[in-house]
Amino acid sequence: MSQVEVRQIGHVAATPVAKTMTANGRTQNKTLVTVISNSRWKDPQGKVSEKATAIAWTIWGKVAVNASWHLDVGSKVAVAGTLEGNRYTGKDGKEVFGFNFTARSVEYLESKADAEARRNRRGHSASEHEPKPAPSAGRKTSRSSAAAQEA
């Protein structure tokens with residue numbers, strides 16, 4: 001089956017949830033991030049309409065760790081990954097359809113100064129956040145290995 005590639009540019013809607021999981025003696029990092037994108041358009045009569053699209057992304061491996069460190073509510077990001085459909089029979093006996101979005105890369109679209117200014121506007125100071133290692137110089141995109149995504 002071929003994979004469907006998805007790319008979303010938007011803002012983080014809720015605080016990312018990071019977890020460390022162990023299966024078959026192997027430890028894996030996982031972060032759940034919800035990103036919202038807004039679309040605006042004019043209809044033929046000139047009326048402006050707006051629609052928000054929220055996608056809950058699952059991020060694995062090193063990319064997940066970086067996302068949990070650097071993302072906060074309001075962070076502007078570009079997420080690229082795959083979409084996989086799933087279906088199952090619910091407890092009520094009805095068939096349920098859904099989608100899973102797995103991120104392969106997260107690109108941070110705001111500068112460190114912009115992120116700090118946003119945190120300060122929300123009433124947080126940098127001293128409240130745990131010190132975290134700086135990302136590699138000159139890199140804005142994190143990518144995980146294919147093996148980490150399939151775990």
Side-chain angles (χ1 to χ4, degrees), residues 1-21 28-92 94-126 128-129 132 134-151:
M1 173 171 31
S2 64
Q3 293 183 341
V4 176
E5 295 289 325
V6 179
R7 180 166 167 86
Q8 182 185 25
I9 298 173
H11 292 87
V12 175
T15 303
V17 177
K19 297 178 182 180
T20 301
M21 305 166 56
Q28 189 66 264
N29 294 304
K30 173 183 176 180
T31 299
L32 302 174
V33 176
T34 301
V35 178
I36 291 185
S37 301
N38 293 314
S39 299
R40 291 178 187 87
W41 67 92
K42 286 185 181 180
D43 64 16
Q45 290 77 32
K47 180 183 174 192
V48 177
S49 296
E50 184 174 346
K51 180 181 177 184
T53 301
I55 297 177
W57 291 92
T58 302
I59 308 169
W60 293 96
K62 195 175 204 176
V63 178
V65 173
N66 289 339
S68 70
W69 285 348
H70 298 292
L71 295 180
D72 193 13
V73 175
S75 298
K76 188 167 184 179
V77 294
V79 183
T82 58
L83 166 69
E84 182 180 325
N86 60 19
R87 71 180 191 196
Y88 58 93
T89 304
K91 292 179 183 177
D92 59 0
K94 293 183 180 178
E95 199 164 17
V96 179
F97 296 91
F99 295 102
N100 296 323
F101 291 85
T102 303
R104 292 205 176 175
S105 68
V106 175
E107 187 175 351
Y108 307 98
L109 299 178
E110 63 185 1
S111 69
K112 190 173 182 180
D114 290 342
E116 195 62 37
R118 180 179 29 75
R119 286 187 189 106
N120 288 336
R121 283 192 304 272
R122 288 186 38 218
H124 293 103
S125 67
E128 291 179 12
H129 295 282
K132 299 173 180 146
S136 301
R139 293 203 49 184
K140 291 186 118 185
T141 302
S142 300
R143 296 190 185 271
S144 64
S145 68
Q149 292 175 2
E150 295 177 3

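Keep in mind that the numbers below use all heavy atoms, side chains included, and drop hydrogens, waters and symmetry copies. These numbers come from a predicted model, not from an experiment.
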- Message: I'd like to know whether OH of Tyr88 has more than 12 heavy-atom contacts from other residues, nucleotides or ligands below 6.0 angstrom.
- Response: no

Answer yes or no: is there a side-chain heavy-atom contact under 4.5 Å between [X] and [Y]?
X	Y	answer
Asn100	Asn86	yes
Val35	His11	no
Asp114	Lys76	no
Asn66	Val106	no
Val33	Val79	no
Phe99	Ile55	no
Gln8	Phe101	no
Glu107	Arg7	yes

Enter the distance from [X]:[atom1] to [Y]:[atom2] here, rounded to the nearest 0.5 Å.
X	Y	atom1	atom2	answer
Lys47	Trp41	NZ	CH2	10.0 Å
His70	Glu110	NE2	CD	12.0 Å
Thr20	Gln28	OG1	CD	9.5 Å
Leu32	Ser68	CG	OG	11.0 Å
Asn29	Trp60	CG	CH2	9.5 Å

- Task: Without swapping roles, check the side chain of Ser37 against the backbone of Ile9 for a donor-acceptor pair under 3.5 Å.
- Result: yes

Using every non-hydrogen atom in the two residues, find where [X] and [Y] come nearest and quote the distance to one decimal.
X	Y	answer
Tyr108	Val77	CD2-CG1, 4.4 Å
Ala78	Leu109	N-CD1, 3.7 Å
Val73	Ala13	CG1-O, 4.0 Å

- Query: Going through the distances and angles, do Asn38 and Glu50 end up as a side chain to side chain contact (heavy atoms under 4.5 Å, CB included)?
  - Reply: CA-CA 7 Å; Asn38 293 314; Glu50 184 174 346; 4.0 Å; yes

- Item | Stepwise side chain to side chain contact (heavy atoms under 4.5 Å, CB included) check, Val17 with Lys19 | CA-CA 7 Å; Val17 177; Lys19 297 178 182 180; 4.1 Å; yes

- Could you check Trp69 against Thr31 for side chain to side chain contact (heavy atoms under 4.5 Å, CB included), going step by step and ending with a plain yes or no? CA-CA 10 Å; Trp69 285 348; Thr31 299; over 6 Å; no

